[in-house]
Amino acid sequence: MSVDKQDWKREMKMKLLERQSEAKVVRKIVLISLAVFIALVIITATVGYFYISSSLKPVDTDSKENVKVEIPIGSGVTTISNILEDNGIIKNAQIFKYYIKFNNEAGFQAGTYSLSPSMTLDEIIDIIKSGKVAPIFTIPVPEGRDLEEIADVIAEKLDVKSKEVLKVMNDKKFIKSMMDTYPDLLTDEILAEDIRYPLEGYLYPATYSIYEEEPAIESVISLMIKKTNEVIAKYEEAMGENWTAHELLTMASLIEEEATEQADRDKISAVFQNRLKIDMPLQTDPTVLYALGEHKDRVMYKDLKVDSPYNLYIHKGLTPGPISNAGETSISAALNPADIKDLYFLATPSGEVLFNETLEEHNKDKAEHITNN
């Protein structure tokens, strides 16, 4: 083989190796680019997913704030979305707008609304579609309040005297109209001879939104009875033939007055119902205080003798009617007592409630936590 031919072959071999090396580099670049592209797509999709998911959630689920938001007449979806974002009701106006379009929501109404950062997008949409504007004021009615206390709350909000409210609460014509409106809730039981106030226990604890400058006392009381009717209706099946609404609200009011913690209510309910089964007086102090018509920190022995059908130290069974307004937790506890055999309970000064099956055990706890302290 000549020298020229050998050089030519060597040169061709070098060119081939050089091309193979270049091709390897190109493939490497392509693979790296593809990997980076896929990674960017995954990262973008992941970030986008979490961003959108976050934007669809309430701004602050724990918020108790209510913000008055005005939606002007003729506002479109974009304007409404921006107003809600500016007022801190939603996280992102653009996402809210797309959410509305995706769900084909329409029919938004102008007005001034009371909205909260804790609301979901669906709740916000429902309110603005309903046209239910912000209340002029609210009336908060706590749990465990008797009729006279509720009359005070209403009187303060309506700027009238408590006796005017009480007069309406006990007006026979008004009570009859309510009985006609809610026949399953308000029965002849509320008109029994020993009942102190027919509507005692029927004014449900809740915060009521008022949309009138000067609402009638009757309309406010009607709202509270309506709410009680709605709550009791949910338990109609559980009540069956064992409970009337009056009996249920009466038992629930006793539990409400005795309970210090939500967790104790089913046990207190069990103690009361265990006693009723063996015809044992309930011997619960709040009934004595209700009989006395006083609010005292401690019931004295002489108080236990007060002559009243509401005094369950001297009368067996339930009181003639509720002694306060009970919340849903107590109503549920009345229907679902704990599976225990206890007949006694004792609230210690620290708020702990001790339950016992026997009087001996109860007296021992009483001596340890009450008498000797």
Side-chain angles (χ1 to χ4, degrees), residues 119-120 122-123 126-127 129-130 132 135 138-147 149-151 153-154 168-192 195 197-211 215-257 259 262 265-266 268-270 272-273 276 318-338:
M119 290 178 172
T120 65
D122 287 335
E123 288 173 334
D126 286 345
I127 290 176
K129 284 175 67 177
S130 72
K132 193 174 182 179
T138 59
I139 302 178
V141 178
E143 298 170 337
R145 298 296 187 271
D146 63 35
L147 199 85
E149 292 174 312
I150 297 172
V153 172
I154 296 173
V168 174
M169 288 175 166
N170 293 296
D171 181 76
K172 291 182 179 178
K173 188 176 178 181
F174 173 69
I175 293 171
K176 180 66 170 58
S177 70
M178 290 293 96
M179 292 176 72
D180 291 340
T181 305
Y182 305 105
D184 294 333
L185 177 71
L186 300 174
T187 66
D188 288 339
E189 291 172 285
I190 69 172
L191 302 177
I195 293 287
Y197 296 121
L199 297 182
E200 184 76 87
Y202 289 87
L203 308 180
Y204 193 77
T207 297
Y208 296 91
S209 298
I210 307 299
Y211 299 91
I217 297 172
E218 290 85 348
S219 66
V220 173
I221 298 171
S222 298
L223 280 177
M224 298 176 181
I225 297 173
K226 179 183 178 185
K227 182 66 177 176
T228 302
N229 190 61
E230 292 171 352
V231 172
I232 292 299
K234 293 193 295 183
Y235 295 95
E236 188 176 347
E237 185 176 345
M239 290 163 60
E241 297 182 355
N242 298 321
W243 296 88
T244 66
H246 190 74
E247 291 168 341
L248 178 59
L249 287 173
T250 300
M251 173 61 84
S253 74
L254 302 181
I255 297 169
E256 186 73 54
E257 289 300 293
Q262 300 285 340
R265 296 178 192 229
D266 59 340
I268 293 172
S269 174
F272 284 157
Q273 298 189 49
L276 289 174
L318 296 174
T319 47
I323 62 172
S324 69
N325 62 346
E328 195 162 352
T329 307
S330 293
I331 293 171
S332 177
L335 292 169
N336 301 284

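Only heavy atoms go into these numbers, but all of them, side chains included; no hydrogens, no water, no symmetry mates.
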Exercise for the section: Might you point out which heavy atoms bring Pro322 and Gly201 nearest each other, and give the distance in Å? Expected result: CB-CA, 3.6 Å
Handout entry: Residue pair Ile190 / Ile195: nearest heavy atoms and the distance that separates them
Key = O-CG2, 3.5 Å
Handout entry: Side-chain donor or acceptor of Ser330 paired with backbone N/O of Ala326 under 3.5 Å
Key = no
Practice task
Begin with the C-alpha distance, continue with both residues' side-chain angles, and end with the deciding distance and a verdict on side chain to side chain contact (heavy atoms under 4.5 Å, CB included) for Thr207 and Val141.
Solution key: CA-CA 6 Å; Thr207 297; Val141 178; over 6 Å; no
Practice task
Output yes when a side-chain donor or acceptor of Glu247 lies under 3.5 Å from a complementary backbone atom of Thr244, and no otherwise.
Solution key: yes
Practice task
Would you check if Leu249 and Asn325 make a side-chain contact, meaning some heavy-atom pair closer than 4.5 Å?
Solution key: no
Problem - Whether Glu149 side chain and Asp146 backbone form a donor-acceptor pair below 3.5 Å - result: yes
Problem - Ser332 side chain vs Glu328 backbone, donor-acceptor pair below 3.5 Å - result: no
Completion exercise
Rounded to the nearest 0.5 Å, the OH atom of Tyr235 sits from the CG atom of Leu335 at a distance of 7.5 Å
Practice task
Kindly say whether Glu256 contributes a backbone atom to a donor-acceptor pair with the side chain of Glu143 at under 3.5 angstrom?
Solution key: no
Exercise for the section: State whether the side chain of Thr138 and the backbone N or O of Ser209 hold a donor-acceptor pair below 3.5 Å, judged by distance alone. Expected result: no
Practice task
Indicate the atoms forming the closest heavy-atom contact of Ala334 with Ala252, along with that distance.
Solution key: CB-N, 4.3 Å
Fill in the blank from the handout: Output for pair (Met119 CE, Asp126 CG), nearest 0.5 Å, gives 10.0 Å
Problem - Flag side-chain contact, heavy atom, 4.5 Å: Tyr204 against Ile331 - result: yes
Practice task
Any chance you could measure Leu199, atom CG, to Leu147, atom CG, to the nearest 0.5 Å?
Solution key: 6.5 Å
Handout entry: Pairwise side-chain contact, Pro198 with Asn170, heavy-atom cut-off 4.5 Å (strictly under)
Key = yes
Handout entry: Lys176 vs Asp171 side-chain heavy atoms within contact, under 4.5 Å
Key = no
Exercise for the section: Identify the two heavy atoms, one from Ala338 and one from Ala270, that lie closest to each other, and give their separation to 0.1 Å. Expected result: O-CB, 3.2 Å
Exercise for the section: Report the C-alpha distance between Leu191 and Lys172 in whole Å, list the side-chain angles of each, state the deciding distance to 0.1 Å, and finish with yes or no for side chain to side chain contact (heavy atoms under 4.5 Å, CB included). Expected result: CA-CA 10 Å; Leu191 302 177; Lys172 291 182 179 178; over 6 Å; no
Handout entry: Close side-chain approach of Pro205 to Pro142, heavy-atom, < 4.5 Å
Key = no
Practice task
Verify, without hydrogens or angle tests, whether Asn229 (side chain) and Ile225 (backbone) share a donor-acceptor contact under 3.5 angstrom.
Solution key: no
Problem - Within 6.0 angstrom of Glu123 CD, more than 12 heavy atoms from elsewhere - result: yes
Problem - side chain to side chain contact (heavy atoms under 4.5 Å, CB included) assessment of Gln273 paired with Met251 - result: CA-CA 9 Å; Gln273 298 189 49; Met251 173 61 84; 3.7 Å; yes
Practice task
Could you tell me whether the side chain of Thr228 and the main chain of Tyr202 form a donor-acceptor pair under 3.5 Å?
Solution key: yes
Exercise for the section: Find out whether Met169 and Ile217 are in side-chain contact, i.e. whether some heavy atom of one side chain is under 4.5 Å from a heavy atom of the other. Expected result: no
Handout entry: Student check: side-chain heavy atoms of Ile221 and Met224 closer than 4.5 Å
Key = no
Problem - Asn336 vs Asp266, side chain to side chain contact (heavy atoms under 4.5 Å, CB included): CA-CA, chis, key distance, verdict - result: CA-CA 6 Å; Asn336 301 284; Asp266 59 340; 6.0 Å; no
Practice task
Kindly compute the distance separating CD (Glu230) from CG (Leu185), expressed to the nearest 0.5 Å.
Solution key: 11.0 Å
Handout entry: Rounded distance (nearest 0.5 Å) linking atom CE of Met239 with atom NZ of Lys234
Key = 13.5 Å
Completion exercise
d(Ile127 CD1, Lys129 NZ) to nearest 0.5 Å is 12.5 Å
Practice task
Report yes or no: does Thr250 contribute a side-chain atom to a donor-acceptor pair with the main-chain N or O of His246 at less than 3.5 Å?
Solution key: yes
Practice task
Decide yes or no for Arg145 and Val153: does some side-chain heavy atom of the first lie under 4.5 Å from some side-chain heavy atom of the second?
Solution key: no
